[in-house]
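Report on the structure given below.
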Amino acid sequence: MSNHDTYSSHYDFKQVETKWQQKWELSSAYQVGEDTDKEKYYVLEMFPYPSGRIHMGHVRNYSIGDVVARYKRMRGFNVLHPMGWDAFGLPAENAAQKHNTHPAKWTYENIDYMRAQLKQLGLSYDWQREFATCDPDYYRWEQKIFIEMYQRGLVYQRVTTVNWCENCQTVLANEQVIDGACWRCDDQVEPRNMNGWFFKITDYTDELLNDLQSLNGWPEKVVTMQNNWIGKSTGLTCDFKIDGSEEAISIFTTRPDTIFGVTFMSLAPEHPLLATLTEGTGKEKEVAGFIDDILREKQRQSVQEEPEKRGMFTGRYCINPFNGDKIPIYVANFVLMEYGTGAVMAVPAHDQRDFEFARAYDLTIKPVVIPEGETFDPEFMHEASTVPGKLIDSGQFSELDSIDAQGKIIDFAREQGFGAPLTTYRLRDWGISRQRYWGAPIPMIHCDNCGVVPVPFEQLPVLLPEDITTSTDECRPLHQRPDFVNTICPACRKEARRETDTMDTFVESSWYFARFACPDSDETPLERDRSDYWLPVDQYIGGVEHAILHLLYSRFFTKVLRDLGYLSIAEPFTNLLTQGMVIKDGAKMSKSKGNVVDPDQLISQYGADTVRLFSLFAAPPERDLEWNVQGVEGASRFLNRVYRLVREFYGSNVDGTAYSSSDDTALLRKLHQTIKKVTYDIEDDFHFNTAISAVMELFNTMSSSLGSAAGKGASTETVSETIRNLLLLLYPMVPHFSSELWEMMDFPETPEEQLWPIHDDEKAREELLTIVLQVNGKVRSRIEVSADSQDQVLQDLAMADEKVNRFIEGKTVKKVIVVKKKLVNIVV
RNA sequence: GCGAGAGUGGCGGAAUUGGUAGACGCGCUGGUCUUAGGAACCAGUAUCAUCGAUGUGUGGGUUCGAGUCCCUCCUCUCGCACCA
């Protein structure tokens, strides 16, 4: 019985995929260690939250990553490709309440299920390195890093107005508030004053900003988003003395050149000077009422709508230090306390918001920057002018160009002592306190004698109490656990209380990629030599929805870990691929829309390789992928066609059959062209869709070559060679399938032990080319010529062409353009 | 409003530098085999028409030649959004 007979007549993906997955599992095929003989390559996909089961977005993300991993291995790299679980978070608590279980139990059960799902997809992870962020062995190191950050002054506590989500019963960071709503549950966020822990990410603002320039392997879009988020602006801060008082109002402006055009002052309703300012004006009550009013309005409205500009005169004036002008002070609803100084010098002639306000309250508009060839009459202006020009009415700065004037005005303010250059940022410190149970405890102790004291390293981890029962309306679960809260102060040995806040789960995901270098290390969070070998991540892959939150925090942590001596790198991810969403019927998959596709069901119906192939084929990775069942069937059909052809070829035993040598070279040529194209598509941009279509073309060519009668078609040898290479090209995308057919063909070893094929330019070269013949730029005919034809020959052939002649007859040929290997264009 | 990106057959999408528009796949049409086919295989498939003409959101421009470059406008997606 020949080997061939043991293979079924149709491709049995279930049996084949199980077989290879078992082999990989038993041989720990993708386990790696540091190997200084080989160049390392670290490919990482954003690890999932263990919500219960994987979704199609994961399937796509991890399929892309797996192709990269398998491809790079074939290129001789020592590839690190790990997987883990972003396992802390609120859904576990909610689910635990709902199903009357424990968050840990729920989480670890989900992980078990999802791990099995990932294994069914045949993803080539080094499972030895797997961890979940809720493992005490992980978060103990996070607690250590926290304390070291605290000791370095990068952690502090303060009371602030925080974003409170009533639904989640917790605080959110600025980055986690989207359009005034919670990023997770979409509930409206409300302000609340609370004590909380902060990471001093603003210490790293400049570095986070400047290093963006080095991220050439990131999509420009993501870099821009981070740039905007950090929001650097430079300008002047300047004091306006309050008339009849020793106090002054500090303003910040990016347009110091317009400072002679200031006609009033606007304060944010929360501005601290307001209370004293109105004293004795007789307007105290009126102003206070107005402030209450706009603060309440601000809370109510969604961030979407921009309210009408409203304000009220405070009854006081201040003095413009540049020209001594006495200008009225207003409270205004559009001034933000969070930005700059909470006070704005209003220049209605050159700022649209100030302009609208001035029109509404009939305030003076004074133009001071006049663009070339224009004049402004304040009475007839219908919008502010924000373009540069020449200064007027600006004291000694009049006649200057407005751009040049900016620096001179700042210098003057500094010399006179009432102002200074200032750079402001939009980025705030990162509030990491969460009033929840299922998170890493913040390892701090509050002592009445000693104040805040870090938990000593040897006492780490501060474990979450396990026997917790979370009930629906329970807030701050740890707070209500005396056995957790009550402790001894490490400094004075007196009774003290543990911190009961847990850390934002984004803290875990900010350094997990580094821990993958040494997940088993029980001495230290990161071993320097191992992280130096593996980091940075060469290719990071995930959804664009993390463009700010996770990626910014990870960059921050990388720099902190470097400064703590754990890492040598400044940036964590050299190359970033942000893959598009998986959509169906033009919309994002969601339960409410009822268009969710279940990966389990797909895999059992079509097999992992088909699902992988389709998700790689249907669109390039950075674009949204429209899920289409018929497309999946197309992918399945393709694999079956290849299977049948290979099986028949192997069984036909056609050695010695006569063949056509021209067909033989043609197939070989196509093969080498395909190797070239597939390699280029993967290397250049991970454009697997076009790579797959090239392999399909190769298969079609081979298939028609094989079907020919004796004396035609390619030789057995060439077909075998083509199959061999085709399986190698396909291997990273459909590894089970390729491995199986490889074995069927009796090729030595397995595809993954082979090197990626290299094309031969000589063999890929076309002998005959189709040259397009144009008349006046329109295609009129085509001719076949040998590839080395000279220009003159081409031109002669073109002029002699019958179809061409129909179009040039009776006309004068003005010009002939010959483009090598492409076309001849005759202009008449 | 500001910023970025994108508009190509019935559909998903191709088209390295300006040089054959629609690769590859889906769908559809016809055929072969078949008791049957929603399997497989073969042929066809941008549109309109007889030569031929027209076609990459709109209108213009540059060029021998434009999906690709420039300008105008329209639409969509994403991000930011009273940031002084």
Side-chain angles (χ1 to χ4, degrees), chain A residues 10 178-179 219-229 231-233 235-236 251-255 258 266 268 303-309 332-336 338-347 350-354 356-357 424-426 544-545 547-548 580-581 613-614 617-620 622-635 637-638 640-641 644 677 680-681 684-685 687 689-700 703-704 707 770-782 806 814-828:
Chain A
H10 68 279
I178 292 145
D179 289 340
E220 213 171 306
K221 180 184 166 171
V222 176
V223 173
T224 308
M225 282 167 71
Q226 293 219 353
N227 231 316
N228 292 340
W229 187 263
K232 178 177 181 167
S233 45
L236 166 74
I251 58 95
F252 170 73
T253 180
T254 54
R255 292 290 308 275
T258 64
S266 318
V303 183
Q304 299 293 9
E305 52 197 312
E306 198 171 294
E308 211 181 311
K309 306 250 174 314
N333 65 342
F334 65 91
V335 181
L336 306 172
E338 310 86 77
Y339 185 78
T341 61
V344 179
M345 64 173 217
V347 187
H350 304 294
D351 182 286
Q352 187 56 28
R353 293 153 302 175
D354 298 342
E356 286 167 31
F357 193 86
T424 63
Y425 299 92
R426 214 181 77 114
V544 73
E545 64 274 19
I548 294 177
M581 288 188 304
L613 187 67
F614 176 73
F617 177 64
E622 68 278 3
R623 275 222 245 176
D624 285 351
L625 182 150
E626 171 76 33
W627 197 265
N628 172 303
V629 189
Q630 285 162 332
V632 179
E633 266 161 17
R637 261 200 305 263
F638 172 69
N640 274 296
R641 271 204 293 271
R644 277 197 307 273
K677 168 136 182 77
Y680 176 84
D681 284 347
D684 186 52
D685 242 347
H687 278 191
N689 57 331
T690 47
I692 291 167
S693 86
V695 177
M696 286 173 167
E697 280 187 60
L698 173 63
F699 174 78
N700 292 341
S703 173
S704 42
T770 305
I771 298 293
V772 169
L773 305 182
Q774 296 182 331
V775 178
N776 284 349
K778 287 190 175 162
V779 181
R780 295 306 180 188
S781 183
R782 295 177 168 89
R806 266 192 278 167
K814 278 198 208 148
K815 199 171 172 188
V816 178
I817 293 133
V818 181
V819 181
K820 259 190 235 65
K821 299 183 181 181
K822 290 269 157 88
L823 57 78
V824 180
N825 187 14
I826 300 162
V827 186
V828 296

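Basis for what follows: all heavy atoms, side chains included, without hydrogens, waters or symmetry-related copies. Per chain, numbering begins at 1; letters A, B, ... match sequence-line order.
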Whole Å only: how far is the [atom1] atom of [X] from the [atom2] atom of [N]?
X: A/Asp624; N: B/G79; atom1: CG; atom2: C1'; result: 14 Å
X: A/His687; N: B/G25; atom1: NE2; atom2: P; result: 20 Å
X: A/Gln226; N: B/C80; atom1: CD; atom2: C1'; result: 14 Å
X: A/Met696; N: B/A14; atom1: CE; atom2: P; result: 14 Å
X: A/Trp229; N: B/C2; atom1: CH2; atom2: P; result: 22 Å
X: A/Phe699; N: B/G25; atom1: CZ; atom2: P; result: 10 Å
X: A/Arg623; N: B/G5; atom1: CZ; atom2: P; result: 15 Å
X: A/Asn228; N: B/G3; atom1: CG; atom2: P; result: 11 Å

Using the side-chain heavy atoms of [X], tell me which of these nucleotides is nearest: [options].
X: A/Arg806; options: B/G13, B/C78, B/C51; value: B/C51
X: A/Pro620; options: B/U20, B/U54, B/A14; value: B/A14
X: A/Ala619; options: B/C82, B/C26, B/G13; value: B/G13
X: A/Ser693; options: B/C24, B/G19, B/C82; value: B/C24
X: A/Arg780; options: B/G12, B/G27, B/A53; value: B/A53
X: A/Phe617; options: B/G27, B/G12, B/U20; value: B/G12
X: A/Lys309; options: B/C82, B/A84, B/C64; value: B/C82
X: A/Val819; options: B/C24, B/G19, B/C82; value: B/G19
X: A/Arg782; options: B/A14, B/A84, B/U20; value: B/U20
X: A/Val335; options: B/U16, B/A84, B/A81; value: B/A84

Are A/Lys309 and A/Phe357 in a cation-pi contact, defined as NZ or CZ under 6.0 Å from the six-membered ring centre and within 45° of the axis?
no
Whole-angstrom distance between [N] and [M], as gauged at atom [atom1]:
N: B/G13; M: B/G27; atom1: C1'; result: 14 Å
N: B/G79; M: B/U29; atom1: C1'; result: 45 Å
N: B/G57; M: B/G9; atom1: P; result: 8 Å

Checking only heavy atoms, does the side chain of A/Asn825 share a donor-acceptor pair with the base of B/C64 at less than 3.5 Å?
yes
Is it the case that B/C64 (base atoms only) and A/Lys814 (side chain only) share a donor and an acceptor within less than 3.5 Å, ignoring hydrogens and angles?
no
Just to verify, what does A/Asn228 make a side chain to side chain contact (heavy atoms under 4.5 Å, CB included) with, not counting sequence neighbours?
A/Thr224
Which value, rounded to the nearest 0.5 Å, describes the distance between A/Ile817 atom CD1 and A/Lys822 atom NZ?
15.5 Å
Say you draw a straight line from CD1 of A/Ile548 to CH2 of A/Trp229; how long is it, rounded to the nearest 0.5 Å?
5.5 Å
A/Asp624 side chain to A/Gly580 backbone, donor-acceptor under 3.5 Å
no
Taking A/Asn333 for its side chain and A/Glu308 for its backbone only, find out whether a donor-acceptor pair lies under 3.5 Å.
yes
Assigned glycosidic conformation for B/G61 [threshold 90° from 0]:
anti
Pair assignment for RNA chain B - dot-bracket with | for other-strand partners, Watson-Crick or G-U under 3.5 Å
(((((((..(((......[....)))((((((.......))))))(((...)))..(.(((..]....))).))))))))....
What's A/Gly231 touching, base or sugar-phosphate or nothing? Going by heavy atoms closer than 4.0 Å.
nothing
A/Lys778 side-chain N/O to B/U54 phosphate OP1/OP2 under 4.0 Å:
yes
Name the pairs: protein N/O against N/O of nucleotides 37-41 of chain B, kept only if under 3.5 Å.
unit_1, atom_1, unit_2, atom_2, d
B/A40, O3', A/Arg644, NH2, 2.9
B/C41, OP1, A/Arg644, NH2, 3.4

Less than 6.0 Å separating the ring centroids of A/Phe638 and A/Phe699?
yes
